[in-house]
There are 2 protein chains.
Amino acid sequence: MSKQADGRSVSEGRRRTKMSKGDLREQALLDATEELLRRSTVAEMTMEAVAKEAGITRSAAYFYFASKEDLVHAVIERATRYIYTGIEASAKASDSTGLQRAIDVQVDNWRRHGHIFRVGVELSTRSQYRQVWVSLMEHGIDLACQAVAHDRARGLVHGDPEQDRAQLDAIAWMGERTCYLLFTRDHSDAEEEQLRITLSTLAHRALGYIATD
Amino acid sequence: MSKQADGRSVSEGRRRTKMSKGDLREQALLDATEELLRRSTVAEMTMEAVAKEAGITRSAAYFYFASKEDLVHAVIERATRYIYTGIEASAKASDSTGLQRAIDVQVDNWRRHGHIFRVGVELSTRSQYRQVWVSLMEHGIDLACQAVAHDRARGLVHGDPEQDRAQLDAIAWMGERTCYLLFTRDHSDAEEEQLRITLSTLAHRALGYIATD
DNA sequence: AACAGAATCGACGCAGCGTTGACAATAATC
DNA sequence: GATTATTGTCAACGCTGCGTCGATTCTGTT
């Protein structure tokens, strides 16, 4: 669909890569898209609307992004970069377990970037883009894995670490799915908290954390 | 979108409900759709193709189903009815726990009806159709709940049953998501077995089943 | 035979995506 | 500052695919 091997992002029309005035338009398009996606699904959102919101013509938009999907893809990538740094940052210590923190990070990210994550999930049903979403998840799972390993080193976990990866994999997708369902409908703070507790309890028990609940 | 309050299914064009020759065509359309959906996503599948496969014109198809989504919806409903009966049937006793059986049923259903389930997941990102899929899942969760209650009565589970429902909810969606990911890509039998084990272990530990692993 | 309803089809309108080619603005080079 | 290349813009076009309509044929009933 687009190049990815070379330096730059997956999404460019016929544009050269060089700093210029039009880069503002590119940003404007990304902003417009992200904004519109807050209230519509990918299918509902139209290029006409995006272009209008960004102050240009629909066809002009195709100068910057080769296709609608590429545009959406770019929005996700941009958000992803931002989110990644957030994940690393919150790896600082606290009194709770590393696993607990990993779960908190996931739920927090859904709270803050739910509109983007929602789009990621939607797009992940298209075979060409599934990998984008899966990769993002796997990055999170890697971090969770490290957190659990660290917890083990602190003697917080019993049982063998053989299955940790497989379990965390399943747990992460459980979090994704339940968060998706919660954050794409009206819900109370209490429900969020309840979900956080459920996921936490479940994960700690499953991995063999010594009881503290 | 369509009526649902009265007797019949959600999907009818302008057709009267009466047994006739054209009912065969209706079946043919459903069959054609199910067949095409084995190899395409909903978005990729075209009404032209479905109609051709069923031996009629595209516009003729609209005599039977008001829209493409309604047609797909009908396919899911038909399969769902079939699957429901299968679920009830497999509630017969065995040496394993009820929870184990519930998980086996889920994985088995993905093995057998994966192509339909995949479509359900795809369609569930459309707000109008999410409920269809959620309802199907909830039906399964209800059964799993009963199974666990029964296991408790047999003394297989310790801890309080307070959170059972919430936990099973999360566990079910974990199963859905991981099965979706596995069954929509090439995979070996071993991977299926591994998934089954992971889900099973995780669920039993989380709910407080007495250790047998 | 006559009639009603069931079923079929071709043609139409429409939304939305992506393309093209001509043109304007901006920057680079001399 | 004039020439040229690059960057950016847009209107018009073509295309696919969905859903609709009205005219027409088929089928069974009285």
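Letters A, B, ... are given to chains in the order of the sequence lines, protein chains preceding strands, and every chain is numbered from 1.
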Subject >> Side-chain donor/acceptor contact of A/R58 with base of C/dG18 under 3.5 Å >> reply: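 Check passes, donor-acceptor contact within cut-off.
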**OP:** Specify whether B/H113 and B/F117 have parallel, tilted or perpendicular ring planes, treating 30° as the upper limit for parallel and 60° as the lower limit for perpendicular.
**Re:**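 B/H113 and B/F117: tilted rings.
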For atom [atom1] of [X] and atom [atom2] of [N], their distance in whole Å:
X: A/D23; N: C/dA27; atom1: CG; atom2: P; result: 12 Å
X: B/E26; N: C/dA6; atom1: CD; atom2: P; result: 13 Å
X: A/Y64; N: D/dT9; atom1: OH; atom2: C1'; result: 8 Å
X: B/M45; N: D/dT16; atom1: CE; atom2: P; result: 18 Å
X: B/K68; N: D/dT16; atom1: NZ; atom2: C1'; result: 11 Å
X: A/F65; N: C/dT19; atom1: CZ; atom2: P; result: 15 Å
X: A/E48; N: C/dC17; atom1: CD; atom2: C1'; result: 11 Å
X: A/I56; N: D/dT7; atom1: CD1; atom2: C1'; result: 13 Å

Original post:
Can B/M174 and A/W173 be said to form a side chain to side chain contact (heavy atoms under 4.5 Å, CB included), step by step?
Top reply: CA-CA 6 Å; B/M174 170 174 64; A/W173 288 107; 5.8 Å; no
Quick check for you: among [options], whose closest atom lies nearest to any side-chain atom of [X]?
X: B/T46; options: D/dG19, C/dC17, D/dG17; value: D/dG17
X: B/S59; options: D/dG19, C/dT19, C/dG10; value: C/dG10
X: A/F63; options: C/dG18, D/dG19, D/dT7; value: D/dT7
X: B/Y62; options: C/dG18, D/dC18, D/dG8; value: D/dC18

**OP:** Describe the nucleic acid contact of A/T57 in one word from base, sugar-phosphate, nothing, applying a heavy-atom distance below 4.0 Å.
**Re:**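 A/T57: backbone/sugar contact only, no base atoms under 4.0 Å.
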Original post:
Hey, does the side chain of B/R25 come within less than 4.0 Å of C/dT8's phosphate (OP1/OP2), counting only N and O?
Top reply: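 Yes, such a contact exists.
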**OP:** State, yes or no, whether a side-chain contact exists between B/V50 and B/L36 at a heavy-atom distance under 4.5 Å.
**Re:** yes
Subject >> Charged N-O contact under 4.0 Å between B/E122 and B/R118 >> reply: yes
Original post:
Atom CZ in A/R130, atom OG1 in B/T184: separation rounded to 0.5 Å?
Top reply: 3.5 Å
